Amino acid sequence: MKIARLILFLLPAALAQATVVSISTTSLPNGTVGQHYSVAVKAINGCTPYRWWISGTLPSGLVASPSPSTTYDLVHGTPAMVGSSTFSVTVKGCGGHISSRRYTVSIAPAQTAHSVSLKWQSSPTAVSYDLYRSTFSGGPYGLVASAILGTSFVDQSVTAGETYFYVATAWDGTKESGFSNQVTAAVP
């Protein structure tokens, strides 16, 4: 009889320990201005429905919304400003247990893709063209692209704030021509 009573006292204690809610998401990724952001802060154990809240300030443009099942809080939106935000996410299980976790999310500036569009006159004997580039007027030039079949090319490997100097050559199938006139492109 004493054994049965001991088991009854241990069983409720074990169940009580299993119902303590906790946040299992250890960190949140950083974001970029203008790019959609969505990450779930998940809770485990405890009993649902969970109640979620945020302390501190989320990055501008982001909000937190509990899932319909309340098992996670979705931090989502489109970041609007560069900066770093520290905030806490707290969850409360239906048994009254509470768990919090602190996060820091940094928002980086939007990456602006830069490119230079180039066009040139066709050569009547050319079967393809090669394009060369330098950061110094007059060269030395490095090969950017070879065996270009048309008379245009978009150079997507440029850096903001840099000025480039381009020349092209024509291939007639056996030999390469000399450099064309130089063209200058300033990337904003």
Side-chain angles (χ1 to χ4, degrees), residues 1-118 133 135 144-145 148 152-164 185-188:
M1 195 68 148
K2 286 184 182 180
I3 293 175
R5 201 179 276 174
L6 182 60
I7 291 173
L8 289 175
F9 287 122
L10 288 177
L11 188 57
L15 286 175
Q17 283 241 322
T19 62
V20 175
V21 67
S22 64
I23 294 176
S24 62
T25 305
T26 58
S27 64
L28 300 182
N30 293 323
T32 302
V33 169
Q35 291 184 4
H36 183 70
Y37 184 94
S38 182
V39 64
V41 177
K42 298 177 183 174
I44 56 173
N45 301 324
C47 57
T48 59
Y50 296 139
R51 183 172 164 260
W52 295 90
W53 66 92
I54 303 289
S55 302
T57 305
L58 291 170
S60 176
L62 299 185
V63 296
S65 308
S67 66
S69 65
T70 73
T71 57
Y72 63 89
D73 201 20
L74 187 65
V75 177
H76 61 101
T78 303
M81 293 176 50
V82 172
S84 184
S85 296
T86 300
F87 54 93
S88 294
V89 178
T90 303
V91 63
K92 181 178 183 180
C94 67
H97 298 284
I98 294 175
S99 178
S100 291
R101 192 171 293 262
R102 189 175 175 93
Y103 301 101
T104 298
V105 174
S106 294
I107 304 299
Q111 298 296 321
T112 305
H114 293 285
S115 63
V116 173
S117 295
L118 300 153
R133 177 181 76 193
T135 54
V144 174
I148 302 168
S152 65
F153 183 81
V154 178
D155 184 0
Q156 296 180 332
S157 64
V158 296
T159 303
E162 189 68 64
T163 299
Y164 295 98
V187 180

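Treat the numbers as computed from the prediction; the structure is a model and nothing was measured.
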If you measure from [atom1] on [X] to [atom2] on [Y], what distance do you get to the nearest 0.5 Å?
X: S27; Y: Y103; atom1: OG; atom2: OH; result: 8.0 Å
X: T78; Y: Y37; atom1: OG1; atom2: OH; result: 12.5 Å
X: Q156; Y: S117; atom1: CD; atom2: OG; result: 8.5 Å
X: L118; Y: F153; atom1: CG; atom2: CZ; result: 8.0 Å
X: I23; Y: R102; atom1: CD1; atom2: CZ; result: 13.0 Å
X: N30; Y: S85; atom1: CG; atom2: OG; result: 10.5 Å

Give the minimum heavy-atom separation between [X] and [Y], together with the two atoms involved.
X: Y50; Y: V91; result: CB-CG2, 3.5 Å
X: T70; Y: P49; result: OG1-CA, 3.4 Å
X: T25; Y: A40; result: OG1-O, 3.4 Å
X: F87; Y: L28; result: CZ-CD1, 3.7 Å
X: T90; Y: S100; result: OG1-OG, 2.6 Å
X: V116; Y: A185; result: CG1-CB, 3.7 Å

Is the shortest side-chain heavy-atom distance between [X] and [Y] below 4.5 Å?
X: N45; Y: V21; answer: no
X: V105; Y: V39; answer: no
X: Y72; Y: V41; answer: no
X: I44; Y: S22; answer: yes
X: P79; Y: L62; answer: yes
X: V187; Y: T159; answer: no
X: L74; Y: S38; answer: yes

Chi angles and distances behind the side-chain contact (heavy atoms from CB on, under 4.5 Å) call for T48, S69: CA-CA 8 Å; T48 59; S69 65; over 6 Å; no
Could you tell me which residues satisfy salt bridge (charged side-chain N to carboxylate O under 4.0 Å, His left out) with R101, sequence neighbours excluded, listed by chain and number?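 Once residues adjacent in sequence are excluded, R101 has no partner under the salt bridge (charged side-chain N to carboxylate O under 4.0 Å, His left out) criterion.
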Kindly state each residue pair satisfying disulfide bond (SG atoms under 2.5 Å apart) with at least one member in residues 35-101, sequence neighbours excluded.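 Sorted pair list: C47-C94.
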Under the salt bridge (charged side-chain N to carboxylate O under 4.0 Å, His left out) rule, what pairs show up with a residue in residues 152-161, not counting sequence neighbours?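 Qualifying pairs: R133-D155.
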